[in-house]
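Notes to accompany the following structure.
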Protein chains: 2
Amino acid sequence: MSIRLPHWLDKQAALNPNHIAIEQPSGETITFRELQRRSQSYAQKLASIGIKEGNHVAILSGNKVEMIVTVHAISYLGAVAVLLNTRLTASEIAYQLEDADVVGLICDPDFTSVAMQASDQQKFTPLTFLELEKQLSASVCLKQEINLNDVFTIMYTSGTTGFPKGVLHTYENHWWSATASSLNLGLHKSDKWLATLPLFHVGGLSIALKSVIYGMPMYLLPRFSVEAVHEGIMKRGVTIVSVVSVMVHQLLDKLNDSVTYPASFRCMLLGGGPAPKPLLEKAKSLAVPIFQTYGLTETSSQIATLSPKDALEKLGSAGKALMPAQLKIVQNGKEVAPGEAGEIVVKGPMVSNGYYKREPRQGDWLATGDLGYQDKDGFLYVLDRRKDLIVSGGENIYPAEIEEVLLGVEGVKDVGVVGKSDSKWGQVPVAFIVREGHVTEGNLKEHCLSHLAKYKVPTVFYFVDALPRNASNKLLRYKLHEELEKQS
Amino acid sequence: MSIRLPHWLDKQAALNPNHIAIEQPSGETITFRELQRRSQSYAQKLASIGIKEGNHVAILSGNKVEMIVTVHAISYLGAVAVLLNTRLTASEIAYQLEDADVVGLICDPDFTSVAMQASDQQKFTPLTFLELEKQLSASVCLKQEINLNDVFTIMYTSGTTGFPKGVLHTYENHWWSATASSLNLGLHKSDKWLATLPLFHVGGLSIALKSVIYGMPMYLLPRFSVEAVHEGIMKRGVTIVSVVSVMVHQLLDKLNDSVTYPASFRCMLLGGGPAPKPLLEKAKSLAVPIFQTYGLTETSSQIATLSPKDALEKLGSAGKALMPAQLKIVQNGKEVAPGEAGEIVVKGPMVSNGYYKREPRQGDWLATGDLGYQDKDGFLYVLDRRKDLIVSGGENIYPAEIEEVLLGVEGVKDVGVVGKSDSKWGQVPVAFIVREGHVTEGNLKEHCLSHLAKYKVPTVFYFVDALPRNASNKLLRYKLHEELEKQS
């Protein structure tokens, strides 16, 4: 039987109308009552442009209050929010709009031009937040209840095929993610969670949803800035911050014996791939409470987290699966013994049931494709994200997608893309190219820049005579990695 | 789709094996790993006496570690725990054993004799904890997962008919009750919840389940003692305690200007009926953080609670429905305006779906039968528990049940039972008797004591010529109340 809850924003606005929902570095704040009022107003305006229950509405925005308002507005209509990565090119976005059957696009004015371009082939015209605000208000029945089984958000993630797939998140996934996190980290009246990760990724969005479910202020940054995060922790009462490794590096550089975080700062939640050990050791020496986590878009953010008490003893571990979740290491279909590496397989009510327009997953367990092991005490160590996955500054990059684009350049015969270690970003993509005509690095870069988000564009192009492929023509990426190691 | 979680005790034993699960005034403690080990051992012993998945197993016990172990053991077998009130007479218990289709009874040695008597007509022989421990261990598959839709516990509550009904609680009800409470009260690493309420009531049991779900120690008292609770708060690090009004009176008497609770004590959760305002005012003047709650067996403990920040401003209110719950005031089938009184109607994933062997409730809303109103800010004020319900020291007493018993005395022609105000217990039952033969107060008392739990036995018997009944012969209890007022 499916559970219906009161709409969580209505409920929080009733419980704590005057509590702060969102605080910004400018000092501007919005209460839950105000967030409710604005979200309901947006919902009525979305309705007046024809958005109905079940419709898919895309949002292309940086971290802005209006984006959060739009997300809640979509839920008041029982529609589904498709969250677009602002770093994508128009053609990448166009693919997602098409694939997700989107019927409307609301965008941040900073992205109007790419939004227009991307929806060129669509029946709708993108609206900026301001344009939406100017619409009439339709008198519609807003959802007073949330059906936990309903899909709330879609976020795209690429796969081995090079074609991104829309991960479906139900309200249930988001709810359980929020409560599972609170059972691990605890929940204090004084909590304030800083959001600097993009809200179009699940790690960022989950903060905005926790804010409403917990009745907790979120401290919203438009983008990552080491100064702004530092200031948030030092002077603005931030108690928790979600980060990726590249941010930790910079944040720690601002600390020393005389500059330490206040005692009320209780958690730096580190996601987005395994962190380098020296970084964790530095954090430890500076008494920064880093909690390494493990999660995917498919798990609605963290599914495993190192709990406070183990943070120092199990340095480098991503902890144990959260209370309502399960995790095991599998090799050839069988669970392996502690210490042995294998594929990380997870289960829990925060795990998405599948992708839009794809068959739902069979069985409850999700095979992540990531490699790891559990020590004898059951702590997870992530060895490597999916063999072919490149994690660069917290963004996932799928080589197949870049290879697909490069094969579209005339004169390119074969392509192999892998990640190369990078001291700043963790990894960056590099490409191995087999030519059959006149192709220059300049051609390739230019083509990539017009088809791919900037962070996906290879930083180096190696021209080679042939790529290592096995008998069935499968690219042997480890050989490319060996090649890279030889060169460095 | 039904959600399966890892068995919560296994999970907590994996997350925090060496954390304390149960602490006792003697200083004895049990870790989660130990609680898991003992519960699994009990499960294997229960299996060896023939208990199987789906079986109903009764527990008759005071607040003892073994009782908690038995509850978890039953869940490891996928069986259902029927929690018996130790204050009941053998015949009251016999009714519940029969009605609940119980196939086994585990008891505290203090209650062996009543357990033997009560199960006289049954096919099983009650076992004490010690006798259970002496059984062989059957090699059975213990449940590794909890299916949230499964029924976990049954607790009896009487109704208007005088026949108690078994309230069914699923794992889902208990889980949502625990998480809803944490979203309201917060969750601190230092929390320690004192259990002095009987564990056979849902308010007590919920502490034992929260302990496992939160990974929090519970401080277990065998029974209420003002000294032991005071000591727990003052010296043993207790941060939260669940109480009923009669306990608060006594606890406050131990406080004064020089004796105050430590700052770490953050919540005295007050349930079991509306509390007298002078008591709340006294608590306020002594800076005791009282949070009045409202809940029923059917709502798996609290469904509304006054949150910390409103505790002082809305004295006397039971607050607002918890995050995932809803509450409204209804009169003649319609929701009434703020300030108007009516029946309290509730909804939420912690609300039981119904009673054993009764038709499940139609619709999601539960009509509680209790009277109350909401102020303009949405705060609930409970005016009166169900018109006929008598709440005495936190125990619910249903007049119909006592009337039924008294009508069984030869020479009694008619009976009406109502609650009389009592400075210590809140209310006590008194009986109005119409005789048609020779009946003395002695006869009546004796008969009651052999058929009813002591707290249900009327403290006064008024002999009258006739009872006020309306045309359809319905007893007009308000006229009895008027009669009582005249006499006092």
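Residue numbering restarts at 1 for every chain, and letters A, B, ... go by the order of the sequence lines.
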[atom1]-[atom2] distance between [X] and [Y], expressed to the nearest 0.5 angstrom:
X	Y	atom1	atom2	answer
Thr179(B)	Leu187(A)	OG1	CG	11.0 Å
Asn16(A)	Met323(B)	CG	CE	9.5 Å
Leu15(B)	Leu183(A)	CG	CG	9.5 Å

message = Is it the case that over 12 heavy atoms from other parts of the model lie below 6.0 angstrom from the CD atom of Gln144(A)?
response =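 No, because the 6.0 Å sphere around CD of Gln144(A) holds 12 heavy atoms or fewer from other groups.
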ask   = Which atoms form the tightest heavy-atom contact between Pro6(B) and Pro324(A), and what is the distance?
value =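 That would be CD-O, 3.5 Å.
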task = Locate the shortest heavy-atom distance separating Leu5(B) from Gln326(A); write the atom from each residue and the value.
result =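 Closest pair (atom of Leu5(B), atom of Gln326(A), distance): C-NE2, 4.1 Å.
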query = Side-chain contact, heavy-atom cut-off 4.5 Å: Lys347(B) with Glu145(A)?
reply =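 Result yes, sub-4.5 Å side-chain heavy-atom pair found.
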query = At a heavy-atom separation under 4.5 Å, does Trp8(B) approach chain A through its side chain, its backbone, both, or neither?
reply =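 Backbone plus side chain of Trp8(B), per the 4.5 Å heavy-atom cut-off to chain A.
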request  = Measure distances from Leu322(B) to the heavy atoms of chain A and classify the residue's part below 4.5 Å as side chain, backbone, both or neither.
outcome  =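 It is the backbone, since no side chain atom gets that close.
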ask   = What residue in Ala178(B), Ala14(B), Gly378(B) has the most heavy-atom pairs under 4.5 Å with chain A?
value =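 Top count of heavy-atom pairs under 4.5 Å with chain A: Ala14(B).
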message = Heavy-atom pairs under 4.5 Å with chain A: which of Ser182(B), Ala325(B), Gly348(B), Gly215(B) has the most?
response =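 Looking at each of Ser182(B), Ala325(B), Gly348(B), Gly215(B) in turn, Ala325(B) comes out on top.
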task = Using the six-membered ring wherever Trp is involved, compare the ring planes of Trp176(A) and Trp176(B) and label them parallel, tilted or perpendicular (cut-offs 30° and 60°).
result =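 The rings of Trp176(A) and Trp176(B) stand perpendicular, inter-plane angle above 60°.
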task = Spell out, as yes or no, whether a donor-acceptor pair under 3.5 Å connects the side chain of Lys11(A) to the backbone of Ala321(B).
result =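 Such a contact is found between Lys11(A) side chain and Ala321(B) backbone.
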